[in-house]
Amino acid sequence: MTPSRVEFYILLSLLNGPRHGYRIMQDIEADTTGEVKLGPGTLYSVLKRFRLSGLVEECEADSDRRRCYRLTRKGRGVVTEEAQRVRALMRLVRQRGLLRHA
Amino acid sequence: MKADAVYSSLLRLYPPAFREQYGAEMQDIFRELSRTRRHGCIRFWAFILVDVVRSAARERRETLQPQVSWLLMCAAAAIVGAVLFYGLHRAYGAFIGPLPIAARLVLRGALVGLGVGWAQYAILGNLLERRPLWLVPSVAGGVVAFPTTFAILELAPPVTRQLPDHPVAYSVIAGLIGVLLLVATLKCLVLFGRRQIATTWVQLNMITVPAVILANIAYLTVHAFTLSHRASWPEPLVLLSHVVMNPVAIAMIVGATTARPLWHLWSTRAMVASRLHFKPS
């Protein structure tokens with residue numbers, strides 16, 4: 001599975017540990033310095049698909065009784081695979097003389 | 001408070017199952033967002049509206065997808081079955097002679113069974129371990145169902161012999177065929193060791209018999225229409241009406257009436273699979 005950009009950000013946020021929905025949205029906003037802003041509909045639509053395909057599982061509600069989500073082993077595998085793909089892409093970009101100092 | 005009520009109404013755009021599972025959390029997040037928003041009211045609501053419309057459309061589409069594919073599968077299965085039947089029938093007639101009525105019934109039954117089995121398999125394939133075997137009981141069910149129902153009508157008292165010309169009688173035949181196919185499917189599930197889903201399957205298929213009866217009435221309507229008009233039709237169009245229109249009329253109604261229970265089974269496949277200890281693909 002190749003995650004889309006938004007899906008990748010959600011998986012990256014969950015790499016930090018279990019998160020509830022609002023926290024995932026905050027993470028993404030901070031990670032992208034506000035460039036990517038998720039709405040609740042998009043977020044839960046993606047989380048539902050992740051849950052059905054076994055990338056994410058629900059965990060016990062936190063003190064505010066909000067449901068948490070965490071990565072499964074399969075989910076971690078997908079993030080790692082995507083990160084490797086991005087790394088290979090970046091290597092190619094540098095070889096072609098773009099973003100030499102990035 | 002007013003904004004909360006508006007968002008709550010917007011949540012109705014999502015399918016009920018999605019709303020039930022995530023609606024409360026989405027509402028909480030919305031409250032949080034509207035409390036901490038840094039932009040103006042219009043920009044905020046534009047963001048919320050775009051988010052709701054896009055994600056609700058996606059969820060609705062995903063909900064409909066299996067139902068639409070079921071309908072298409074039913075139609076495709078019926079067309080393939082009819083094409084095979086007419087092809088074999090004509091080939092046999094051209095090379096050997098008229099096909100005996102018993103052989104015609106068996107062939108028709110086998111092809112209907114194959115079509116039904118194929119359509120079911122297309123949707124439920126990921127619940128089955130021994131996939132190719134799925135078609136066997138369906139074909140066997142069709143082979144038994146067709147000659148049996150026609151034999152019952154032949155052996156019936158003389159008064160009821162007039163019945164085959166009546167739409168209701170045709171529909172009863174179709175109903176009996178539906179029952180026999182249901183039994184074949186049930187047997188298949190039990191044979192595969194799926195006793196737990198066999199019960200669910202029976203409940204879901206309670207709709208099969210009325211669906212087949214309805215479908216047959218639709219078939220007769222289309223058939224009557226084509227009969228009264230096709231004298232003026234060119235030969236290819238007559239053949240097309242035989243091979244495509246009639247089976248599609250049956251398939252679409254069976255498909256439409258069984259789509260919802262199948263969607264229920266499809267949407268709970270992960271739960272069913274986890275209870276039965278095998279992995280859905």
Side-chain angles (χ1 to χ4, degrees), chain A residues 1 3-10 13-14 18-70 72-75 77-78, chain B residues 3-4 7-8 10-39 43-63 65-66 126 266-274 279-281:
Chain A
M1 177 203 172
S4 69
R5 189 173 168 222
V6 164
E7 288 171 348
F8 190 42
Y9 279 125
I10 293 176
S13 161
L14 291 172
R19 294 274 189 275
H20 54 71
Y22 188 59
R23 182 76 193 277
I24 296 173
M25 286 166 66
Q26 285 178 317
D27 276 358
I28 293 174
E29 208 177 335
D31 289 344
T32 62
T33 52
E35 193 201 327
V36 176
K37 213 172 164 204
L38 276 188
T42 309
L43 174 71
Y44 283 100
S45 184
V46 173
L47 283 174
K48 187 198 92 177
R49 283 201 306 282
F50 279 173
R51 201 173 53 79
L52 285 176
S53 47
L55 304 186
V56 155
E57 60 188 6
E58 285 174 14
C59 46
E60 275 178 29
D62 63 8
S63 52
D64 296 334
R65 293 193 307 170
R66 284 183 293 196
R67 219 178 324 182
C68 279
Y69 301 88
R70 69 170 161 233
T72 60
R73 189 189 289 264
K74 189 179 171 186
V78 168
Chain B
D4 222 29
Y7 191 72
S8 176
L10 285 175
L11 286 178
R12 290 180 188 281
L13 292 173
Y14 292 92
F18 184 88
R19 210 166 55 225
E20 204 172 296
Q21 181 145 25
Y22 300 109
E25 281 178 65
M26 286 167 70
Q27 188 93 47
D28 282 349
I29 290 187
F30 172 79
R31 264 184 228 120
E32 202 85 45
L33 285 175
S34 59
R35 196 173 53 80
T36 58
R37 76 183 151 100
R38 294 186 292 268
H39 302 293
R43 198 166 158 187
F44 174 73
W45 274 104
F47 166 70
I48 291 294
L49 275 176
V50 169
D51 175 60
V52 167
V53 170
R54 271 164 64 174
S55 53
R58 183 178 184 134
E59 288 305 316
R60 288 276 174 196
R61 200 176 59 231
E62 279 186 11
T63 308
Q65 206 175 348
N126 60 359
W266 191 87
S267 63
T268 54
R269 68 197 186 287
M271 183 267 290
V272 172
S274 68
K279 282 184 179 175
S281 57

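Numbers restart at 1 for each chain; the letters A, B, ... are given by sequence-line order, proteins then strands.
Each of B/Asp28, B/Leu11, B/Leu33 has some count of heavy-atom pairs under 4.5 Å with chain A, and the biggest count is that of B/Leu33. Most heavy-atom pairs under 4.5 Å with chain B, from the set A/Ser53, A/Gly21, A/Gly41: that is A/Gly41.
Only the side chain of B/Glu59 has a heavy atom closer than 4.5 Å to any heavy atom of chain A. At a 4.5 Å heavy-atom cutoff, B/Arg54 makes no contact with chain A through either its backbone or its side chain. Using a 4.5 Å cut-off between heavy atoms, A/Arg51 touches chain B through its side chain atoms alone. For a residue to count as touching a neighbouring chain, one of its non-hydrogen atoms must lie under 4.5 Å from one of that chain's; by this rule A/Glu58 touches chain B with the side chain only. Using a 4.5 Å cut-off between heavy atoms, B/Gln27 makes no contact with chain A at all.
B/Arg58 places a side-chain heavy atom less than 4.5 Å from the side chain of A/Arg49.
A/Arg67 and B/Gln21 get closest at one heavy-atom pair: NH2-O, 2.6 Å. Closest approach of A/Lys37 to B/Phe47, counting heavy atoms only: O-CE1, 3.6 Å.
Shown here is B/Arg37, whose CZ atom has more than 12 heavy atoms of other residues, nucleotides or ligands within 6.0 Å.
Counting only distance, with no hydrogens or angles, the side chain of B/Asp51 and the backbone of A/Leu38 share no donor-acceptor pair below 3.5 Å.
Remark: A/Lys48 fails to qualify as a cation-pi partner of B/Tyr22 under the 6.0 Å distance and 45° angle criteria applied to the six-membered ring.
Separating the CD atom in B/Glu32 from the OH atom in A/Tyr22 is a distance of 4.5 Å, to the nearest 0.5 Å.
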